[in-house]
Amino acid sequence: MRSELYIDGTWRPSSDGRTFDVVNPATEEVIHRAAAASAEDVDIAVKAARRAFDKDGWPKLAGRKRARYLRAIADGIRARQAEVARLEVIDNGKPLPEADWDIADAAGCFDFYAGLAEQLDNNPEEPIALADARFTSKAVKEPIGVAGAIIPWNYPLLMAAWKVAPALAAGCTVVLKPAEVTSLTALELAAIADEAGLPPGVLNIVTGAGSVAGQAIIDHKGVDKLAFTGSGPVGAKIMAAAARDIKRVSLELGGKSPFVVFDDADIDDAVEWIMFGIFWNQGQVCSATSRVLVQEGIYERLLARLVEETKKIKIGDGLQEGVLLGPLVSRRQYEQVLAAIEAAKDAGAMVACGGKRPEGFEKGYYLEPTVLTNAPLDSDAWREEIFGPVLCIRPFATEEEAIELANDSRFGLAAAVMSKDDLRAERVASAFRAGIVWINCSQPTFTEAPWGGYKESGLGRELGRWGLENYLETKQITKYVSEDSWGWYIR
């Protein structure tokens, strides 16, 4: 396991020698110590990224050449997939099969953006038809510059890939800060990029506290763009800080996503997708469909089946075979989720199952998967993101009521609908005010498709070609081609 900062192609300790503990959430044991970057370290990293962009030629490199580095990184991730997945488990807590899936997706993300980097060579400019024949004009895409990327702890390597891969493909250079509680696989990414021969300064990774290293990236005048995934309050602060220098910003923030189930749905299929939508990754997912709306005709039967199956979920250390729910990522997160459940009960919600530490687990941040009923519509349990394995479920009568309840949220990241009536499912999908909509499923995520939210769930889109465009500027180049003088002032 790496413990130093990766800056300008070299490994170095923090400038003030500070470190922080890495804790395994399954055991609460300190398993490593990592360097805690200072503002001085971030300054060095940004200057290295600035030089790599302004002087060393990374943005001028042909897209096909940048693609070779991206594919080499993808190959490096795959070559170490088992090792990196295990690191993800002991750092984040998620079950090993989930971690393995995440690491494979991260490698695929680098491959995908390698392809888009090559396409930039094929379409270097777009001719623009003008009404005045004395001029020609074209639009060209150019990389924004130095990108400061700040990522969350729920998908440590995958979220790094979502930002680093398109940024490098576009020709940007990057300073990446992983979440303090899950830094191990980001450092492995640095090692893999180094082995791939990525030029110095193109990718810099600084670990440490958000209040120090993250804030230094946000405030640095050498950073042209900020890309952040995390909570709404932090996103708002980043947006306000970016306004000082008019930095480009993309934000993927919180959600409280609805899942509408109509009474013609198969109950077992609905329960499977409801569980996948909230218990995957311990519910620590921005897009988790944590507000479940079930039509009255099947509500009681579906609720009973949901509780029955939820109680069967195997809880434990993510490295143990058969475990489907690991610990929450940290003590702080564990205590916040427990407090949210208690507040829900105080507001009138009923616990249908779960809501407490499972028996037999004296250590680790374990929580039983939780189903809440009767949560008032104005309660925090129904309206605010809990970010844990907790769902609220309630009945509805009509399609109109379901849509109204689903859209009654300040968030708009994702939404799901389940029905055997394709026309109704498509109609409801169109009515959702959300950036990501699933029909007869919840949470499938593909690198090729855009990802991002409406309302307070963020700005901009990641993944697909939209993710690449996050890191590109559009320049107009217009040329006077007439043989006649302009002759406005000098005749």
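Counting heavy-atom neighbours within 6.0 Å of R424 CZ, excluding the residue itself, gives a total above 12. Heavy-atom contacts from other residues, nucleotides or ligands closer than 6.0 Å to CE of M239 number 12 or fewer. Taking a 6.0 Å sphere around CZ of R86, one finds it holds 12 or fewer heavy atoms contributed by other residues, nucleotides or ligands. Counting heavy-atom neighbours within 6.0 Å of R80 CZ, excluding the residue itself, gives a total above 12. Other residues, nucleotides and ligands place no more than 12 heavy atoms under 6.0 Å from the CZ atom of R18. For K455, the NZ atom counts as densely surrounded, since its 6.0 Å shell holds more than 12 non-hydrogen atoms of other residues, nucleotides or ligands. Enclosure of atom CD in E404 is not indicated, since only 12 or fewer non-hydrogen atoms of other residues, nucleotides or ligands lie within 6.0 angstrom.
V390 is listed as a side-chain neighbour of I341, based on a closest heavy-atom distance under 4.5 Å. Two residues are said to be in side-chain contact when any heavy atoms from C-beta on lie closer than 4.5 Å; L377 and D408 fail this criterion. Here the side chains of E88 and P156 are in contact, with some heavy-atom distance below 4.5 Å. Looking at heavy atoms from C-beta onward, V202 lies in side-chain contact with P199 at the 4.5 angstrom threshold. With a 4.5 Å cut-off on side-chain heavy atoms, V181 and V23 do not count as touching. Taking the side chain as every heavy atom from C-beta outward, L293 and F259 never approach each other to under 4.5 Å. Contact of the F279 side chain with the L324 side chain is not registered, since no non-hydrogen atoms from C-beta on lie closer than 4.5 Å. The closest side-chain heavy-atom distance from N24 to D91 is not below 4.5 Å.
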Full working for salt bridge (charged side-chain N to carboxylate O under 4.0 Å, His left out) between E399 and R427
CA-CA 10 Å; E399 178 180 322; R427 188 168 61 243; 2.8 Å; yes
Passes side-chain contact (heavy atoms from CB on, under 4.5 Å), L5 versus I205? Steps please.
CA-CA 6 Å; L5 310 174; I205 297 183; over 6 Å; no
Go through the steps to decide whether Y69 and W58 satisfy the test ring-ring contact (aromatic ring centres under 6.0 Å, His included), and finish with yes or no.
CA-CA 11 Å; Y69 289 110; W58 178 254; 5.6 Å; yes
Under the side-chain contact (heavy atoms from CB on, under 4.5 Å) criterion, do E188 and E83 qualify, and how do the steps go?
CA-CA 10 Å; E188 291 306 308; E83 171 194 352; 4.0 Å; yes
Assess whether side-chain contact (heavy atoms from CB on, under 4.5 Å) is satisfied between Y155 and V285, documenting all intermediate values.
CA-CA 9 Å; Y155 292 94; V285 184; 3.4 Å; yes
Run the side-chain contact (heavy atoms from CB on, under 4.5 Å) test on L253 and F228 for me, step by step, so that the C-alpha distance in whole Å, both residues' side-chain angles and the decisive distance to 0.1 Å come before the verdict.
CA-CA 8 Å; L253 307 176; F228 172 75; 3.7 Å; yes
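A donor-acceptor pair is defined here as one N or O able to donate and one able to accept, closer than 3.5 Å; no such pair exists between the side chain of S379 and the backbone of A375. Between the S457 side chain and the G254 main chain, a donor and an acceptor come within less than 3.5 Å of each other. In this structure, T445 contributes its side chain and Q443 its backbone to a donor-acceptor pair below 3.5 Å. Here the side chain of R50 pairs a donor or acceptor atom with the backbone of G222 at under 3.5 angstrom. Looking only at distances, a side-chain donor or acceptor of N407 sits under 3.5 Å from a matching main-chain atom of R433. Not one N or O on the side chain of R291 forms a donor-acceptor pair closer than 3.5 Å with the backbone of I393. Between the side chain of D121 and the backbone N or O of G63 there is at least one donor-acceptor pair closer than 3.5 Å. In this structure a side-chain-to-backbone donor-acceptor pair under 3.5 Å is present from K94 to N154. Side-chain N or O atoms of K247 include none that pairs as donor or acceptor with a backbone N or O of I238 at under 3.5 Å. The main-chain N or O of A37 is never found under 3.5 Å from a side-chain atom of S14 such that the two would form a donor-acceptor pair.
Side-chain contact check for E118 and N122: no donor-acceptor pair (N or O, by modelled atom type) lies under 3.5 Å. Side chains of S287 and S257: no donor on one and acceptor on the other come within 3.5 Å. A donor-acceptor pair shorter than 3.5 Å cannot be found between the side chains of N204 and Y6. A donor-acceptor pair shorter than 3.5 Å cannot be found between the side chains of T207 and S183. A side-chain donor from one of S15 and S38 sits under 3.5 Å from a side-chain acceptor of the other.
In this structure, W280 and W101 have perpendicular ring planes: the angle between them is above 60°, well past the 30° mark. Using bins of under 30°, 30° to 60° and over 60° for the plane-to-plane angle, the ring pair F387/W153 lands in the perpendicular bin.
The shortest heavy-atom contact between R71 and A114 is CG-CB, 3.6 Å. The shortest heavy-atom contact between V260 and A402 is CG1-CB, 3.8 Å. Closest approach of F432 to A406, counting heavy atoms only: CE2-CB, 3.6 Å. Residue W438 comes nearest to A414 through the heavy atom pair CZ3-CB, 3.5 Å, listed as atom of the first residue, atom of the second, then distance. Residues L226 and A242 share a closest heavy-atom pair of CD1-CB, 4.0 Å. For the residue pair A74 and A107, the shortest heavy atom distance occurs at CB-O, 3.4 Å.
When each of E142, E126, K141 is paired with T474, the side-chain hydrogen bond (donor to acceptor under 3.5 Å, both in side chains) condition holds for K141 and for no other.
Annotation: cation-pi pair R394/W382 present, NZ/CZ under 6.0 Å from the ring centroid and within 45° of its normal. Annotation: cation-pi geometry satisfied between K225 and Y471 (NZ/CZ under 6.0 angstrom from ring centroid, within 45° of ring axis).
Taking CD of E448 as the start and SG of C109 as the end, the distance is 10.0 Å to the nearest 0.5 Å. Between E462 atom CD and W451 atom CH2 the span is 10.0 Å, to the nearest 0.5 Å. Here CG of L325 is found 9.5 Å from CG of N281. Values are rounded to the nearest 0.5 Å. The line from CE of M159 to CD1 of I150 is 15.0 Å long, rounded to the nearest 0.5 Å. Going from atom CD of Q333 over to atom CG of L338 covers 10.5 Å, rounded to the nearest 0.5 Å. How far CG of L468 is from CG of L120: 5.5 Å, rounded to the nearest 0.5 Å.
Ion pair K138/E125 flagged as a salt bridge, since at least one NZ, NE, NH1 or NH2 atom sits closer than 4.0 Å to an Asp/Glu carboxylate oxygen. Taking the charged nitrogens against the carboxylate oxygens, D224 and R248 have no contact shorter than 4.0 Å, which rules out a salt bridge. Ionic pairing of D41 and R12 is not present here: no N-O contact between side-chain nitrogen and carboxylate oxygen is shorter than 4.0 angstrom. In this structure, R51 pairs ionically with D8, as a charged nitrogen and a carboxylate oxygen lie closer than 4.0 Å. Ionic pairing of R410 and E385 is not present here: no N-O contact between side-chain nitrogen and carboxylate oxygen is shorter than 4.0 angstrom. Classification of D43 and K47 as a salt-bridged pair holds, one side-chain N sitting under 4.0 Å from a carboxylate O.
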